[in-house]
Amino acid sequence: MEKENSSSVTEFILLGLSENPEQKSPLSALFLTIYLVTVLGNGLIISLICMTPELQTPMYFFLGNLSFVDSSFVSVTVPLMVAHLLMEKKSISFQGCMTQLFFFLWTAVMECLVLALMAYDRLVAITNPLRYLSTLSRKTCLAFMCFAWILSFLHSLLYTSIISSLDFCGLDKINEHFCDIPPLLALSCSDTASLELLVYTEGGIMAMSPFVFIVVSYFRIIKTILSIHSSSGRSRAFSTCSSHLISVGLYFGTIFASYLHPPTAGAVETNRPIALVYSILSPLLNPFIYSLRNQQVKGALRKML
């Protein structure tokens with residue numbers, strides 16, 4: 001990340017969501033509220049899972065990890081965005097930008113992997129319920145999570161190292177509210193063709209592999225559900241998957257829309273509302289999706305209250 005020898009850029013200007021002074025205070029209040037609700041909502045899910053014996057199962061172990069990742073995800077970008085809405089100067093140092101990029105990519109990829117692990121959990125629970133607890137033992141779940149954290153860490157380290165080696169030739173205005181790969185590639189004056197190829201190949205594999213695994217898992221899950229003779233049994237089995245399917249569609253849909261196209265200036269401008277959905281809205285909605293549609297979580301919440 002020693003950039004000063006190869007580029008005159010020592011800091012970036014994050015243009016953020018709005019340059020209109022009249023919109024800054026309402027937007028800062030809105031996103032501060034969203035941030036607090038997201039952190040408190042996900043924290044409540046984690047507390048319920050830790051404090052309720054009935055929720056000590058693999059399904060809720062992965063849900064607790066998803067809540068932790070969601071809280072970390074929004075904490076990487078939203079506090080700085082709110083601060084910049086209240087400040088005249090919206091700068092971030094080069095090292096700070098690379099640090100934010102690293103943790104953003106780490107938590108973003110981790111979200112993909114946790115959603116894939118949750119799909120595997122549902123696959124085992126529905127297609128092989130008698131061996132569910134033995135297949136997904138505590139030790140196995142911990143091993144899966146450790147592997148996911150390490151893999152996402154290495155992925156983030158790779159991209160951050162490459163991005164930090166690019167030249168920016170005095171161009172310092174990032175058309176986004178946080179440091180991300182597409183706006184930084186669009187800003188760089190280096191030849192980014194090889195890096196763009198890496199984004200579409202390795203990055204595409206990192207995003208597509210969990211998604212394809214989820215799709216294949218749900219084909220098997222649906223096949224099993226359709227073979228259940230009781231309509232109430234089919235309904236009960238599908239209800240355990242519906243919350244997860246909503247989260248998958250919301251997150252992966254916006255991720256693909258944001259990354260799987262050339263990082264041009266026009267595309268970066270179009271990506272701004274898309275980035276808000278996967279970086280802020282998805283973590284905000286997940287606690288509501290899983291609590292409002294899950295009878296066990298609602299029951300645990302009533303007991304706590």
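These values consider heavy atoms only, across backbone and side chains, with no hydrogens, waters or symmetry-generated copies. Computed from a predicted model, the values in this text were never measured in an experiment.
- Using a 4.5 Å heavy-atom cutoff, the side chains of Lys303 and Glu54 are in contact.
- The closest side-chain donor-acceptor pair between Thr140 and Ser137 falls under 3.5 angstrom.
- A 6.0 Å sphere centred on CZ of Phe213 holds more than 12 heavy atoms belonging to other residues, nucleotides or ligands.
- Rounded to the nearest 0.5 angstrom, Ile13 CD1 and Glu11 CD are separated by 5.0 Å.
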*Would you please test Phe288 and Val37 for side chain to side chain contact (heavy atoms under 4.5 Å, CB included) and show each step?*
CA-CA 10 Å; Phe288 296 99; Val37 170; 3.9 Å; yes
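- In this structure, Met51 places its CE atom where only 12 or fewer heavy-atom neighbours from other residues, nucleotides or ligands lie under 6.0 Å away.
- Leu197 and Ile163 fall into different hydrophobic clusters, where Ile, Leu, Val, Met, Phe, Trp and Tyr are joined by side-chain heavy atoms under 4.5 Å apart, directly or via other members.
- Between Leu66 and Met118, the closest side-chain pair of non-hydrogen atoms falls below 4.5 Å.
- Criterion: ILVMFWY side-chain heavy atoms under 4.5 Å apart, direct or through other members. Under it, Phe62 and Leu113 are not part of a common hydrophobic cluster.
- Between Met145 and Val114 the shortest side-chain heavy-atom distance falls below 4.5 Å.
- The structure places CG of Asp121 at 7.5 Å from SG of Cys141, a figure rounded to the nearest 0.5 Å.
- Rounding to the nearest 0.5 Å places OH of Tyr60 at 9.5 Å from CD1 of Ile45.
- Among the candidates Ser152, Ser72, Ser156, the single residue satisfying the side chain to side chain contact (heavy atoms under 4.5 Å, CB included) test with Thr107 is Ser72.
- Evaluation of the side-chain hydrogen bond (donor to acceptor under 3.5 Å, both in side chains) rule for Thr127 yields no partner, not counting sequence neighbours.
- By the 4.5 Å heavy-atom criterion applied to side chains, Leu184 and Asp180 are not counted as neighbours.
- In this structure the side chain of Ser75 never reaches within 4.5 angstrom of the side chain of Phe103, judged on heavy atoms.
- Met87 and Leu27 fall into different hydrophobic clusters, where Ile, Leu, Val, Met, Phe, Trp and Tyr are joined by side-chain heavy atoms under 4.5 Å apart, directly or via other members.
- With a 4.5 Å cut-off on side-chain heavy atoms, Met98 and Gln95 do not count as touching.
- Side-chain atoms of Gln56 come within 3.5 Å of backbone atoms of Ile49 as a donor-acceptor pair (strictly under, hydrogens ignored).
- Within a 6.0 Å sphere centred on OH of Tyr132, heavy atoms belonging to other residues, nucleotides or ligands number more than 12.
- Rounding to the nearest 0.5 angstrom, the gap separating the OG atom in Ser247 from the CG atom in Asn286 is 3.5 Å.
- No side-chain heavy atom of Asn42 sits under 4.5 Å from any side-chain heavy atom of Val74.
- Scored by the side-chain hydrogen bond (donor to acceptor under 3.5 Å, both in side chains) test, His155 finds Glu202 as partners (sequence neighbours excluded).
- Take Tyr120 and apply the ring pair (Phe, Tyr, Trp, His ring centres under 6.0 Å) test, not counting sequence neighbours, and it matches Phe144.
- Hydrophobic cluster membership differs between Leu130 and Ile228, with clusters built from Ile, Leu, Val, Met, Phe, Trp and Tyr side chains linked at under 4.5 angstrom.
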_Ile126/Cys241 under side chain to side chain contact (heavy atoms under 4.5 Å, CB included): CA gap, chis, key distance, verdict_ = CA-CA 10 Å; Ile126 292 175; Cys241 305; 3.4 Å; yes
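- Ile181 and Leu154 end up in the same hydrophobic cluster when Ile, Leu, Val, Met, Phe, Trp and Tyr side chains are linked at under 4.5 Å.
- Side chains of Leu32 and Leu36 form a contact here, defined as non-hydrogen atoms less than 4.5 Å apart.
- Here Ser164 contributes atom OG and Leu101 contributes atom CG; the two are 9.0 Å apart, rounded to the nearest 0.5 Å.
- Taking the ring centroids of His244 and Tyr218, they lie under the 6.0 Å cut-off.
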*List the steps, then state whether side chain to side chain contact (heavy atoms under 4.5 Å, CB included) holds for Met81 with Ile280.*
CA-CA 11 Å; Met81 180 183 70; Ile280 298 177; 3.8 Å; yes
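- To the nearest 0.5 Å, atoms OG1 (Thr77) and NE2 (His177) are separated by 5.0 Å.
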*List the steps and the verdict of side chain to side chain contact (heavy atoms under 4.5 Å, CB included) for Ser282 and Phe73.*
CA-CA 10 Å; Ser282 181; Phe73 197 19; over 6 Å; no
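- Annotation: Phe102 is in aromatic contact with Phe153 [ring centroid separation under 6.0 Å].
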